[in-house]
Amino acid sequence: MSYTLFESVQPAEKIERTDVPWSELVERIRNAPTYIDKAHCPLISLSEYGGNFSDKGCIRHAANVIRIFGVEFDYDLEMMPLSIAQQRLQSANITSILYTSPSHKPDHPRWRVLLPLSESALPAQRAEYVGRVNRLLGGIASRESFTLSQSFYIGRVAGAEYEVGESHGRFIDQAAELEPLYFVGKHQDGESKVDRTTDDELRSAFQRGEDRYQAMLKLSSRWAARGLDIGGIESALYALFGDSDAHNKDGIDLRKRVPGMAASAVKKYGETRRSTATEPTESENPAPPDEKPDLRRLVKWADLLGAPPDREWVIPFWLPAGHVTLLTGRAGIGKTMLTQHIAAALAHGSHYIEPLQPRRVLMWAGEDDVNELWRRQLGINSYLERSLADLTDRFFLHSYSGMDITLAAPVFGALQPTGMLMELREQVADYKVELVILDNIARLFGGSENDRHAVTTFIAWVQGACAPAAVLLLGHPAKAAGSEFSGSTAWEGAVRARLYLSDRPPDAPAGDEETVDPSVRYLSRRKANYSELDLRKITIQEGVWRPATPEPKPISRRSGEFVKDIVRRAVERLASRGLHGNSSTRSDEYLPRLAKQFSLLDSTSEKIFAGAMRELILAGELMSIEVGKYPNRSPKMGLVLMPK
């Protein structure tokens, strides 16, 4: 397991302990050193934290939790001895370590429990596991036990009695029969009582029409205490209604109460509110209920005079900049290998599939370990005739083999982003990359692949987290014959381009598998919103993937350098008249359109002219530079010939 230590309540630094045996942590607690007072003790959290700071400069806060490896349970009611808690945990066969708090006294017991998980989990799951412990121990948890980013002191304090206990068995995440019991109200006031109704009981009461408003209040407060934000609570509350009537017995439309109820729940019970002195102030304070975010992104036509900027490509005509492209192919076909080639070629600015400009690339490898990626990269760089050192600060490769890298997963019925999505956003910003390769959907998306709304929301979140970089998202097809991607057609609709990697040409009839050449792959553009469909044949030689040079298409006798000369002459003649075309197909000053208007196509077609123009742009002979100003003083871009 892994855990994090802090030296203070509002730390600016963290001490990470990774891949530590549970027995080692148990011994650390049993043989804890003695400190002068509580303030000198370190604090522990069984979670992994990112590098994001709150507005108070604190690294320990809810939004910074990436994943959890266990849960912490705090008891300070000074009634139940530690030995009783130990007996109850052992009776349920739950693995744990119990130890007394610095303020513990024999006649006023205070103690804590640390419970490991069988595998790392999403931060949103923590409250459920704490709730299971709370149910087992009789609903005695303090509110701090349910605080996602809460950490607790470990160590002996001089002059205080120190007691340790253990229980053995299964992990708390494996005890699915324990219905979570969540904290409601402040136990310190001596009056608030624990609400022992389960979430399912509240949902059932709501569906039966029994005091629906109170059921909504209780559920929203619980969800807020578990770390769900306003938007997530709103989604979960709306989901309660389904197709049923939203009015209560008094004729009030309860849907109208949802936004205010969600905001109030977060304010009262959410992690962002201020609590005890041991809890850091969170940076994400909810907006007051009367404040509405600006959701109108009106296009202001008066600001869009002149031609729009040229479309940008990471790989010309294959990977549009700023958008998500989906690359699919059956398991084992070599998607990771191909994208590793692409990433290295982009980092070097080498020719691969198309002529490439140098780009900074981030890749998350979700299935291959460092050694496997290393072995592959040696062959790739040998093919590109570059050293591995040349990739430094150009190609940022992360191996997440064996780790949870879920970016979005359902929480109480509503899809929610995870801490890893924030980590992805931070990496994109820190590395200043222009392409992000994510391998693969099965590791990244925790929702249903058949849920259209969940799929499109996930794609939007990934694109937003990686903006302005392009994203290449890897996925597998369904089992059905002829399938090229899995799940809802939203995967196809939500992305701007889809590539398909196979061992036979696309649309070729399925034949005898023995006739398939194992050393050949075909990369095809199966969806291309901004370009034509295309195909590249790739030959595999000693682990190196070599794309074949595409054969020229027989579009016309007047091709090659002959057509390029027509483009060059057209650019020069237009420039002599003070005109400069551009490469934007929607512009009135699109170069092929201007050439046709002034009879400069020389009997060739606009399509052939446009193809030659693109070749000159890729070769750097035609460049888009500022050629003037529009009336609103914004720069006017145009294509000009560069001196050879």
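Note: hydrogens, waters and symmetry copies are ignored here, and every other heavy atom, side chains too, is used.
- Note on Glu423 versus Arg425: no salt bridge recorded, every NZ/NE/NH1/NH2 to OD/OE distance being 4.0 Å or above.
- One finds a salt bridge joining Arg376 and Asp368 here, because a Lys/Arg side-chain nitrogen approaches an Asp/Glu carboxylate oxygen to under 4.0 Å.
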Which atom pairs, one a donor and one an acceptor, fall under 3.5 Å between side chains of residues 342-358 and the rest of the protein, sequence neighbours left out?
from: Tyr352; atom 1: OH; to: Trp545; atom 2: O; distance (Å): 2.8
from: Glu354; atom 1: OE2; to: Trp318; atom 2: NE1; distance (Å): 3.3
from: Glu354; atom 1: OE2; to: Arg536; atom 2: NH2; distance (Å): 2.8

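- Of the charged side-chain nitrogens involved, none lies within less than 4.0 Å of a carboxylate oxygen, so that Glu492 and Arg526 do not count as a salt-bridged pair.
- A donor atom on one side chain and an acceptor atom on the other are found under 3.5 Å apart for Thr336 and Asp439.
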Start with the C-alpha gap between Ser587 and Asn582, add the side-chain angles, then the distance that decides, and say whether side-chain hydrogen bond (donor to acceptor under 3.5 Å, both in side chains) holds.
CA-CA 8 Å; Ser587 170; Asn582 58 53; 3.2 Å; yes
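- In this structure, Phe458 and Phe445 have tilted ring planes: the angle between them lies in the 30° to 60° band.
- Using a 4.0 Å cut-off between a side-chain N of Lys or Arg and a carboxylate O of Asp or Glu, Glu615 and Lys564 qualify as a salt bridge.
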Stepwise side-chain hydrogen bond (donor to acceptor under 3.5 Å, both in side chains) check, Ser519 with Asp517:
CA-CA 5 Å; Ser519 65; Asp517 188 343; 2.8 Å; yes
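- Residue Lys432 qualifies as open at atom NZ: its count of foreign heavy atoms under 6.0 Å is 12 or below.
- With a 4.5 Å cut-off on side-chain heavy atoms, Leu319 and Leu435 count as touching.
- Aromatic pair Tyr49/Phe6: centroids less than 6.0 angstrom apart.
- Taking a 6.0 Å sphere around CG of Asp588, one finds it holds 12 or fewer heavy atoms contributed by other residues, nucleotides or ligands.
- Salt-bridge check for Lys596 with Glu606: passed, with a basic side-chain N closer than 4.0 Å to an acidic carboxylate O.
- Sorted by first then second residue, the salt bridge (charged side-chain N to carboxylate O under 4.0 Å, His left out) pairs that include residues 384-393, not counting sequence neighbours, are Arg386-Asp390.
- Residues Leu327 and Leu473 form no side-chain contact, since every pair of their non-hydrogen atoms from C-beta on lies 4.5 Å or further apart.
- Sparse packing is recorded around NZ of Lys537, with 12 or fewer heavy atoms of other residues, nucleotides or ligands lying under 6.0 Å away.
- Looking at Asp404 and Thr406, their side chains do bring a donor and an acceptor atom within 3.5 Å of each other.
- With respect to Arg375 and Glu372, a salt bridge is recorded, a charged nitrogen being found less than 4.0 Å from a carboxylate O.
- For Glu542, the CD atom sits in a loose shell: 12 or fewer heavy atoms of surrounding residues, nucleotides or ligands are nearer than 6.0 Å.
- The number of heavy atoms from other shown groups lying within 6.0 Å of CD (Glu119) does not exceed 12.
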